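This is a predicted model, so every value here is computed, not measured. As the structure lists them, so they are numbered: ligands from 1, and atoms in each ligand from 1.
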Amino acid sequence: MGLKRLDKLIALNCNVSRKDARKLIKDAAVTVNSRVVLRAEELVDADVDDIDVKGYNFTAKEHIYIMLNKPQGVISATADPKKKTVIDIIPDELKRRSLFPAGRLDRDTTGLLIITDDGAFAHRIMSPAHHVYKTYQTALSYSIDENDIKKLEDGITLGDGTECLPAKVKPFVFNGLPGAEIKIREGKYHQVKRMFHALGNNVEQLRRIQIGSLKLDTSLAEGECRELTAEELELVFTDED
Ligand code: URA
């Protein structure tokens, strides 16, 4: 992780403001290698130094990655004056400053969403150039046929003329309803809904179950989340095939 100012590291890992971090240091609540440190600007290396903050569970990590099973009715934004956001439902022990969703799911879409404070990671997931496939399960108004699958797999053109990259598609039964499992590597606005709309079909329900090779943990109920392990994080950028 390298050398960092003590107040910055505490703010980041204890989810407090820089001002509060400086107060903790001034109040002698912080030890580095069992020595009380009173200088906020002291440089420390969280990988090497043993840092303890009284009253806080200090675990130094440069970034945090949270798997959320997004429920319906919350929006993929960091803050909103009226609507509940995916950040609002993250429990306090995982909350940090600067958390945001890596990509967005519509308000009525459920499933796998990664919440992080790592901008470079989020960019890598979202950019089509990095070819990270996202897998969705849909309930549809009508069953799809071979012709529909071919159109989607060739790269369908949306109603407004937008061309989509080729998708991978197979029929799927969604809670007893006709549906499809579809993998896409872009994130255009309402993309999956618009892709099926271009076929004269309609998405009734939508959930994301996978990003790269990382599958949604089925033990997480909708609205629940947990931190990703280092191995799981790698799966995001691992191809399945
Ligand atoms: N495509 C959609 O139409 N909606 C989502 O939430 C995600 C992908």
Exercise for the section: Look at atom 4 (N) of ligand 1 and say which protein heavy atom is nearest, naming residue and atom and giving the distance to 0.1 Å. Expected result: Asp106 OD2, 2.7 Å
Practice task
May I ask you to identify the nearest protein heavy atom to atom 1 (N) of ligand 1, giving residue, atom name and distance to one decimal place in Å?
Solution key: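 Here the nearest protein heavy atom works out to Val192 N, 3.1 Å.
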Problem - Distance filter under 4.0 Å to Tyr136 heavy atoms, resulting ligand 1 atoms - result: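 Taking each heavy atom of Tyr136 in turn, ligand 1 has 7 (C), 8 (C) under 4.0 Å.
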Exercise for the section: Mark up the atoms of ligand 1 that fall under 4.0 Å of a heavy atom belonging to Thr109, in ascending order. Expected result: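 Going through ligand 1 atom by atom, the ones under 4.0 Å from Thr109 are 4 (N), 5 (C), 6 (O).
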Practice task
Indicate, with yes or no, if the rings of Phe196 and Tyr142 have centres closer together than 6.0 Å.
Solution key: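 Between Tyr142 and Phe196, which both carry aromatic rings, the centre distance is not below 6.0 Å.
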Exercise for the section: Output yes when a side-chain donor or acceptor of Arg207 lies under 3.5 Å from a complementary backbone atom of Gly111, and no otherwise. Expected result: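 Pair absent, no side-chain N/O of Arg207 close to backbone of Gly111.
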Exercise for the section: Heavy-atom distances under 4.0 Å are what count here, so tell me which part of Leu206 touches ligand 1: side chain, backbone, both or neither. Expected result: side chain
Problem - Pairing of Asp27 and Lys54 as salt bridge, 4.0 angstrom limit - result: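 Salt bridge between Asp27 and Lys54, a charged N being under 4.0 Å from a carboxylate O: no.
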Handout entry: Salt-bridge criterion met for Lys188 and Asp160 (N-O under 4.0 Å)
Key = no
Handout entry: Rounded distance [0.5 Å steps], NZ in Lys193 versus CG in Leu140
Key = 12.5 Å
Practice task
Please say whether His190 places an N or O atom under 3.5 Å from an N or O atom belonging to ligand 1.
Solution key: yes
